Every structure is written in C-alpha cells, then in structure tokens.
**Q** 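Here it is, the structure in full.
Nothing here was measured: the structure is a model prediction, and the numbers come from that model. Just so you know, ligand 1 is whichever comes first in the structure, and atom 1 is the first atom listed for that ligand.
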Amino acid sequence: LAKKSGGNRVCHYTKALRKSNETRRRMLSDLRGALLKKQIKVQYQPIVEIATGKIFKAEALMRWQHPEFGVVEPKRFIPLAEESGLIHELGDWIFQEATREVARWRELFDPKFQVSVNVSPVQFRQNGKSHEPLWIRHLRREDLSGRSLIVEITEGVLVKAEMSVKENLLLLRKAGIQVALDDFGTGYSSLAYLKTFDIDYLKIDQSFVRNMGADTDDQALCEGIIVMAHKLGLKVIAEGGETEKQLSILESFGCDYAQGWLYSKAVTAENLEIILQKQADAALPVSGRALTP
Ligand code: C2E
Ligand code: MG
Ligand code: MG
Ligand code: MG
C-alpha cells in the first residue's frame, strides 16, 4: 500500500511539475508578444510626504493584462523577463512611458514632481554596456531634467558591484537622476552600500511597516533605519502603509515619505491625474488619508 501511494505521489508530482513547466513556457512565449499587443500597462502609486499629506512623487509599476489569465503580478512575470532578456525591452518601455507622463505632470501640477522607476539588476549588468544613451535620449526628447526621475534598485544590483554597475550608477547621477534603494532591510542590508554608493532614498520594505504597532522589534528597526538614513543625508520612503496607526508611528519617527494602500493603490495615469488635480484644486492635502480619484 505504501508503495502504491508513494507511486501515486510521484505521479502527481510529475504531473504538477509538467503542468507548471508548461504554464511557464506558455507565459514566456506570451510575454514575448505582450508589449506589441499592448497588454503591458503601467500604473502609478502616489508617494506622499507624511508631514503634509501632499503627493510629491509616484512609483511606476508594471502590469500585464493577459487575455486568458487576467492580470499577472509582476512578481510572476518580471523573473521570466529577467531570465529571457525581455526585461531590457520592457524596462526601456516603462522608462519611456514614465518620462512622458512625468513631463506632463510637472507641467500641469508641480515642476518638482518625480516618477520612480524600478530597474532590474539584469538591466545594469548588460555586458558592461552603459544604459545612459537610451535613457538620456528619452529625457532629451521630452526636454526633461534628470531630476524628474528616480531609479529604484535593490541590493541585488550592488552585491557583486562590478565596474559596469558602478559606472552605470554614476552615469545616471551625472544626468541628475536620483537613486533609491528598494526593499531595504530584507537582503543583506549591508551598511557598506550606503557608504560606497551615492544613494538619495532608502525605501523601507513593507514587511517592517506591516508589523508596526504590533511587533516592537520591527518598529525598533524601522526607527533605527530612519535615524541612520537621516544622519547619512538620505530621505526615507516607507512602503506598504495600510493603517492609520502605522502612518502615525512612521510620522513620529520622522519618516519623510510613505506609499501604501492607506493613501492609494497603484492607479492608471488618468486616475493619478484626477487625484493630482483634486489636490491642486483644494490647494490642501485631501482630508483624511485616503486619496480617491
Ligand atoms: P516594489 O518595487 O517594492 O513595489 C512595491 C510593491 O508593493 C508593489 O507591488 C505595490 O503595489 C505594493 N504595495 C504598495 N503599497 C502596498 C500596501 O499598502 N500593501 C500591500 N500589501 N502592498 C503594497 P507590485 O506592483 O505587485 O510589484 C511587485 C514588485 O515587482 C515591485 O516591488 C518590483 O520589485 C517589481 N516590479 C514592478 N514593476 C516593475 C518594473 O517596471 N520593472 C522591474 N524591474 N520590476 C518591477
Ligand atoms: Mg520599487
Ligand atoms: Mg519594495
Ligand atoms: Mg549621498
């Protein structure tokens, strides 16, 4: 009996594996055509200055609207894009989109508005080839200063910081583009990175923010990160604030910015524009924390 059920288990396992391999292959081949078919979209999540409640920035987040599977999470397709090299095409596309939108929002609402774009380690390691020319060309096309953009990198970019990575970061900064270290606190969180690389923002990972008010360790770490970052001259953005309580603790720690569902989820460019327009009309932060379009 044991042998029989063991055999079944192996069979189930193989079937499941084959199925997941098939899905993977299917996703990958669909992803290749997704940009052309206009299935890839970008949404923007407001980044709010905690002290004033004003939206100063927005993070561009990629979405894949699959005709059969529905919305595919970036956590599922970004790794596929990275393995296959498609990330270069996708990354360039979102950069171009973000550049176009931020130009518009700076003109309409706030000359200092910034859009933050995630850049994968793979994009930085492109055979030591510099990324500057393409990105700078997009900026020039919109007649934009580099200061309109923030590039979000993870520690993954810095871990094996080869010359090409350092050079690419330097080129970005020379063009005026700011750099944010994303998901801070989840990886090695080596403090040496903060000393070695010129970084403008630390983004505290949402796993810390989530437990604020409940887990005193996470709260202490959050406070420590904020104090340290400020001493180093960095601004802090907290990710994933969902409750009023989390936000008021972050505020009491002097955290500069927050993005989270309490304010707003990622929304389409049109909806972000409606929110920004409302904010401009009121000339005041929207009452309460929620920013509804
Ligand atoms: P990330 O850069 O750390 O982005 C923040 C993620 O947290 C987003 O997930 C956002 O929707 C989510 N989030 C924000 N506030 C809250 C909240 O209050 N509660 C909860 N539960 N979640 C919140 P999303 O859009 O699914 O993106 C996941 C990750 O995929 C991103 O993490 C980023 O690493 C990657 N990604 C997304 N777009 C791109 C892209 O254009 N290029 C690259 N290379 N990676 C991307
Ligand atoms: Mg990010
Ligand atoms: Mg993050
Ligand atoms: Mg610095």
**Q** Provide the number and element of each atom of ligand 1 under 4.0 Å from a heavy atom of D183.
**A** 3 (O)

**Q** So which of the N, O or S atoms of D182 lies nearest the Mg ion (ligand 3)?
**A** OD1

**Q** At a threshold of 2.8 Å, where the distance has to be below it, does the Mg ion (ligand 3) have an N, O or S atom of E152 nearby?
**A** no

**Q** Identify the closest protein heavy atom to atom 6 (C) of ligand 1: which residue and atom is it, and at what distance?
**A** Q206 OE1, 4.1 Å

**Q** Among all protein heavy atoms in this structure, tell me which lies nearest to atom 24 (P) of ligand 1, with the distance rounded to 0.1 Å.
**A** P74 CG, 3.7 Å

**Q** Output yes when a protein non-hydrogen atom is found under 4.0 Å of atom 9 (O) of ligand 1, and no otherwise.
**A** no

**Q** Out of the N/O/S atoms in D183, what is the name of the one closest to the Mg ion (ligand 3)?
**A** OD1

**Q** Among I177, V151, D198, I153, which one satisfies side-chain contact (heavy atoms from CB on, under 4.5 Å) with L169?
**A** I153

**Q** If the contact criterion is a heavy-atom separation under 4.0 Å, does G241 count as touching ligand 1?
**A** yes

**Q** When you compare ligand 1 with E82, is there at least one nitrogen or oxygen pair between them that comes in under 3.5 angstrom?
**A** no

**Q** Is I78 in polar range of ligand 1, meaning some N or O pair under 3.5 Å apart?
**A** no

**Q** Do me a favour and list the nearest non-hydrogen protein atom to atom 5 (C) of ligand 1 with residue, atom name and distance?
**A** E239 OE2, 3.6 Å

**Q** As a test of the contact definition, would atom 45 (N) of ligand 1 count as having a protein heavy-atom neighbour under 4.0 Å?
**A** yes

**Q** Going by distance only, is there an N or O of E242 that falls short of 3.5 Å from an N or O of ligand 1?
**A** yes

**Q** Just to be sure I'm reading this right: ignoring hydrogens, which of E73, Q43, R63, E59 gets closest to atom 25 (O) of ligand 1? Compare them by their nearest heavy atoms.
**A** R63

